[in-house]
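The structure appears right after this line, and notes come after that.
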Amino acid sequence: EPEVTQTPSHQVTQMGQEVILRCVPISNHLYFYWYRQILGQKVEFLVSFYNNEISEKSEIFDDQFSVERPDGSNFTLKIRSTKLEDSAMYFCASSDGSRETQYFGPGTRLLVL
Amino acid sequence: AQKVTQAQTEISVVEKEDVTLDCVYETRDTTYYLFWYKQPPSGELVFLIRRNSFDEQNEISGRYSWNFQKSTSSFNFTITASQVVDSAVYFCALREPQGAQKLVFGQGTRLTINP
């Protein structure tokens, strides 16, 4: 069964460093999403991406964040200058043309020291 | 604005008991979608069910069942004869019908099944 994959599974970085989180969505899917879950809290929407552009972003998704689909398979989230409060689990999700269901990857646990 | 409330923060039961997880939602949309996701200790989010607002028929899948009541804006999830492997955090979510159709999640209910 096709699934969303994410790398790395864990990332530790120093405050102020740039990180890139990678996702490979399900191959025939068209809509891509990033969500964030701070430890012990609910899952929050960050950004959605369709047709090579951002379709919606939340207040959390400020100028420090960017997304890119550099090729036909990868979907990346970049945080330019990490802050302590960026420590969280980051989930990538994708859905097909119907957008009926979003399927999530296993997540990347980011720890900013 | 859309909102999902899962009032039960934590539930603990003994194996084989039935357990119901509550979910109440708020939306101004007449068409919307509701979801349940499971987050086991390993951390991933596993899709369990999607329900359309125009389909109020309850659904059963093995030991899992879902009760959707539009009149009370609730979408409750029952596990029958619970097992230790059901231990996880369960999230209810609402998807807006327009725009990016992002998911709005509840706070989650941590379910612990004790042997």
Side-chain angles (χ1 to χ4, degrees), chain A residues 1-11 23 26 29-51 53-61 67 88-111, chain B residues 1-10 21 23-27 29 31-55 59 61 66 88-112:
Chain A
E1 187 174 324
E3 56 184 21
V4 178
T5 59
Q6 290 184 242
T7 53
S9 58
H10 293 78
Q11 173 119 27
C23 168
I26 295 173
H29 283 189
L30 302 175
Y31 297 86
F32 314 113
Y33 308 83
W34 283 101
Y35 289 81
R36 180 181 82 174
Q37 184 185 28
I38 294 172
L39 186 64
Q41 297 187 22
K42 66 179 177 182
V43 180
E44 301 174 288
F45 169 78
L46 289 178
V47 66
S48 60
F49 192 85
Y50 169 70
N51 201 25
E53 59 183 26
I54 291 174
S55 47
E56 186 173 345
K57 58 185 180 180
S58 71
E59 293 175 353
I60 303 168
F61 195 88
V67 289
M89 178 80 97
Y90 288 82
F91 291 103
C92 173
S94 69
S95 63
D96 63 18
S98 73
R99 290 187 284 177
E100 286 189 336
T101 299
Q102 293 176 28
Y103 294 93
F104 285 78
T108 293
R109 192 174 296 281
L110 175 66
L111 178 61
Chain B
Q2 300 189 320
K3 186 178 176 183
V4 176
T5 301
Q6 295 178 254
Q8 304 150 308
T9 307
E10 293 190 32
L21 310 181
C23 173
V24 174
Y25 61 91
E26 295 175 29
T27 180
D29 298 309
T31 300
Y32 50 88
Y33 294 81
L34 295 161
F35 300 78
W36 277 94
Y37 285 86
K38 174 182 180 180
Q39 186 175 41
S42 48
E44 71 271 28
L45 284 169
V46 179
F47 165 73
L48 294 178
I49 190 172
R50 178 187 71 245
R51 174 60 71 209
N52 305 325
S53 58
F54 45 87
D55 180 4
E59 182 153 340
S61 176
W66 290 269
V89 180
Y90 290 86
F91 289 97
C92 180
L94 173 69
R95 197 192 84 200
E96 58 186 25
Q98 307 299 332
Q101 302 194 356
K102 63 178 183 285
L103 291 170
V104 175
F105 284 83
Q107 293 279 35
T109 296
R110 180 176 299 280
L111 176 63
T112 302

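All chains are named by letter (A, B, ...) in the order of the sequence lines, taking the proteins before the strands, and each is independently numbered beginning at 1. The model shown is predicted, which means the values in this text are computed figures rather than measured ones.
Only the side chain of R95(B) comes within contact range of chain A, with at least one heavy atom under 4.5 Å from a heavy atom of that chain. Q6(A) does not touch chain B: none of its heavy atoms, backbone or side chain, sits under 4.5 Å away. For Y35(A), the part lying near chain B is the side chain, with the backbone staying farther off; criterion is any non-hydrogen pair under 4.5 Å.
In this structure, CD on Q101(B) lies 7.5 Å from OH on Y31(A), to the nearest 0.5 angstrom. Distance check, rounded to the nearest 0.5 Å: CZ of F91(A) to OH of Y37(B) gives 11.0 Å. Rounding to the nearest 0.5 Å places CD of Q102(A) at 12.5 Å from OH of Y33(B). One distance of note links CD of E56(A) with NZ of K102(B); it measures 4.0 Å at 0.5 Å rounding. With values rounded to the nearest 0.5 angstrom, F35(B) atom CZ is found 5.0 Å from T101(A) atom OG1. Expressed to the nearest 0.5 Å, how far CZ of F104(A) lies from CG of L103(B) amounts to 5.0 Å.
Contacts of S58(A) classified as side-chain hydrogen bond (donor to acceptor under 3.5 Å, both in side chains), with partners at least two apart in sequence or in another chain: none. Taking R50(B) as the reference, E100(A) meet the salt bridge (charged side-chain N to carboxylate O under 4.0 Å, His left out) condition, with sequence neighbours excluded. For D55(B), the salt bridge (charged side-chain N to carboxylate O under 4.0 Å, His left out) partners are R51(B), not counting sequence neighbours.
K57(A) NZ: 12 or fewer foreign heavy atoms inside a 6.0 Å radius.
Taking the ring axis of F105(B) as reference, the NZ or CZ atom of K42(A) does not stay both within 45° of it and closer than 6.0 Å to the ring centre.
Residue-level contacts of residues 39-49 of chain B with chain A, in order of numbering, are Q39(B), G43(B), E44(B), L45(B), F47(B); threshold 4.5 Å between heavy atoms.
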